[in-house]
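The structure under discussion appears below in the form of structure tokens.
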There are 2 protein chains.
Amino acid sequence: MIAKKSKVSIIDVAQKAGVSPATVSRVLNKTARVSPELTKKVLSAVNELNYVPDPFAHGLKTKRTKSIGLIISDITNPFFPELARGVEDYVSSVGYSLILCNTDAKVENEKRYVELLLNKRIDGLMFTSLRVGEDVIKSLLSDGVPCVLVGRKPENIEGLIYVVTDNYKGGCIAGEYLFKLGHKRFVHVSGPLDNSAGRERLAGFIDALKKHKVKGKNIKVIEGDFTMEGGYRSAREILRLNPLPTAIFFANDAMAIGALQRFWEEKISIPDVFSIVGFDNIKVSSLVSPPLTTISQEIYKIGQLSARELIKIIEGEKGEPIVLEPKLIERRSCRCIK
Amino acid sequence: MIAKKSKVSIIDVAQKAGVSPATVSRVLNKTARVSPELTKKVLSAVNELNYVPDPFAHGLKTKRTKSIGLIISDITNPFFPELARGVEDYVSSVGYSLILCNTDAKVENEKRYVELLLNKRIDGLMFTSLRVGEDVIKSLLSDGVPCVLVGRKPENIEGLIYVVTDNYKGGCIAGEYLFKLGHKRFVHVSGPLDNSAGRERLAGFIDALKKHKVKGKNIKVIEGDFTMEGGYRSAREILRLNPLPTAIFFANDAMAIGALQRFWEEKISIPDVFSIVGFDNIKVSSLVSPPLTTISQEIYKIGQLSARELIKIIEGEKGEPIVLEPKLIERRSCRCIK
DNA sequence: CTGAAAGCGCTTACAG
DNA sequence: CTGAAAGCGCTTACAG
């Protein structure tokens, strides 16, 4: 039987159990020792009456809602569903709810949501983009609002917990891999460069190539935006390059897939013309053709871990920053040209 | 400036404005006439103090949270992000929040979420799958919980509002199209047949073919499950058929894409060997190769409309069922064999 | 360990 | 139209 809108209150339970409401509250919240006998009586009364505490009354005192907000740019970007799923699975396993907020990475929207969520007395906030600016987070933090940052490191915010993949290393792996395949001319379509994840992937890629003495003029960087549409557009820019590169590293899969579509339309065969590496390993990257070689992040796990840390913080424990390892996933979008 | 956890209460506002708390409440909630002078005083006090009503105290009386629950099987299934985005955009535009619930289409999970959401005093529920069974919805409805069903018609629930695409017609369009292309042997990989959307797409497809005198033995039906993995598995079954079909209609794009992957692995060239039609027109269907011909639903719009109807109901208006038209989107996965 | 009572911050009959 | 007061259903000092 599904719960009806319950009308039984803590007073009913107290009466049935022959104790005071205070005692009922204490056993339910484990907020003080109660003798085993009374505990038992209370519990069975709760059961019989199918009592569920009223969240409003509860919250009025405790200020807790058992919900967290997840702020993302767009759930329609294939990176986020996996992340959201990881988050939701974890929070729901501990009795919390997930409120989804799409901001399209716009400052105003992000601000609006943060206010809305705060006004609704959300228990914690998970940021993936951070358009509001680090100052806002700082003030949130100093107001005691639990926050975690997902997918990149905070630049200069003391004590902000984050969960990321080692983006610099991921960039290195991509560079290393393409170099070993014998490529000489590279393009990197980066993420937005106001974003540390984007900058680190770029830096890693370049450093790896430099280590092998690839000259600067053979490494072009095009600033991208992490969207499919952006990737599609970048493909056109790439095709204008002279000489053409033979290897392209996209800072995420979404852009790589957008570009792949463009190349397909132009009848440019991949990997014959260009070898392509993405980043993220989103689900679709194995479904496009050719299946995309990519640097994988464990997106689902990032979601879970972020949720775990956030809830730790909410419940008064100390969270800890987490850095996961990127991994090369070889599929069909690259070829060896040695 | 982002709101701090506000400590100003309705009493502070009342004092500043020189009125009673009741008056403040009345102007804020527009729940009774208040003279223009007092209204003005209250409003400016509210502004100066940056007052935001406490949702707990408010809810304790009104029982409203301004949040709704969206129950889906899996946000990772590419149909749902677009839907969720439509829902979220609408609800956030009217000050509500969206709570995301992934059930993997399992009864227990669905039940658990419904209870959880009810206990949290969610204002309304949006169902996409309906594993809990129609009885549960019936009792929800009779308890006065606002609900809407998305993506299919309720079978025998009086007064349940729904938003759907005309699935039967969609099936017809697919059948008609493949027949006109000259195909003679068809396979339909259906949705789950305990689901009316699945059954209707199937029925439309078959009826269209029968209308053209296609014989029953030339139409095979394989029951699917609307997942990519399911589509992938169905491809193997199809390849065992003798004689092979020349046309396949998948009841959704996710399954078609799963099958496409399998065919790619087996080096079976599409559309040379099979002509394939999907259903939904999810975003990725234009990115796979070949780009998928499909019967489109306006997923984002379905989300928006569902949200609109749900909120109507929550706010005491009457919702209305909505049926949208399916449309054929021709891409590259079919060929004419006449 | 337990209970009586105050109080969280609103809303809403009830009077006027 | 406006205010004083009760009450929504809990939690938590305060006593004992």
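Order of the sequence lines sets the chain letters (A, B, ...), proteins ahead of strands, with each chain counted from 1.
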Query raised in the report: Taking atom P in both D/dA6 and D/dT2, what distance in whole Å separates the two?
Result: 23 Å

Query raised in the report: Is there side-chain contact between A/Leu125 and A/Pro146, with heavy atoms separated by less than 4.5 Å?
Result: no

Report task. Treat primed atoms plus P, OP1 and OP2 as sugar-phosphate and everything else as base, then score nucleotides 8-16 of chain C 5' to 3': B for base contact with protein heavy atoms under 4.0 Å, S for sugar-phosphate contact only, - for none. Result -> BBBBBB---

Pair [X] + [Y], salt bridge at N-O below 4.0 Å:
X	Y	result
A/Asp104	B/Arg85	yes
A/Asp12	A/Lys16	no
B/Glu309	B/Lys312	yes

Query - Distance-minimising heavy-atom pair for A/Tyr96 and B/Lys120 - result: C-NZ, 4.0 Å

Query raised in the report: Should we say atom CD of B/Glu155 is surrounded by more than 12 heavy atoms from elsewhere, each under 6.0 Å from it?
Result: yes

Query raised in the report: Any luck finding a side-chain donor-acceptor pair between A/Asn102 and A/Tyr113 under 3.5 Å?
Result: no

Query - Pair B/Thr23, B/Ser20: side-chain N/O donor-acceptor within cut-off below 3.5 Å - result: yes

Query raised in the report: If pairs are Watson-Crick or G-U with both distances under 3.5 Å, what is the dot-bracket string of DNA chain C, marking crossing pairs with [ ] and pairs to another strand with |?
Result: |||.||||||||.|||

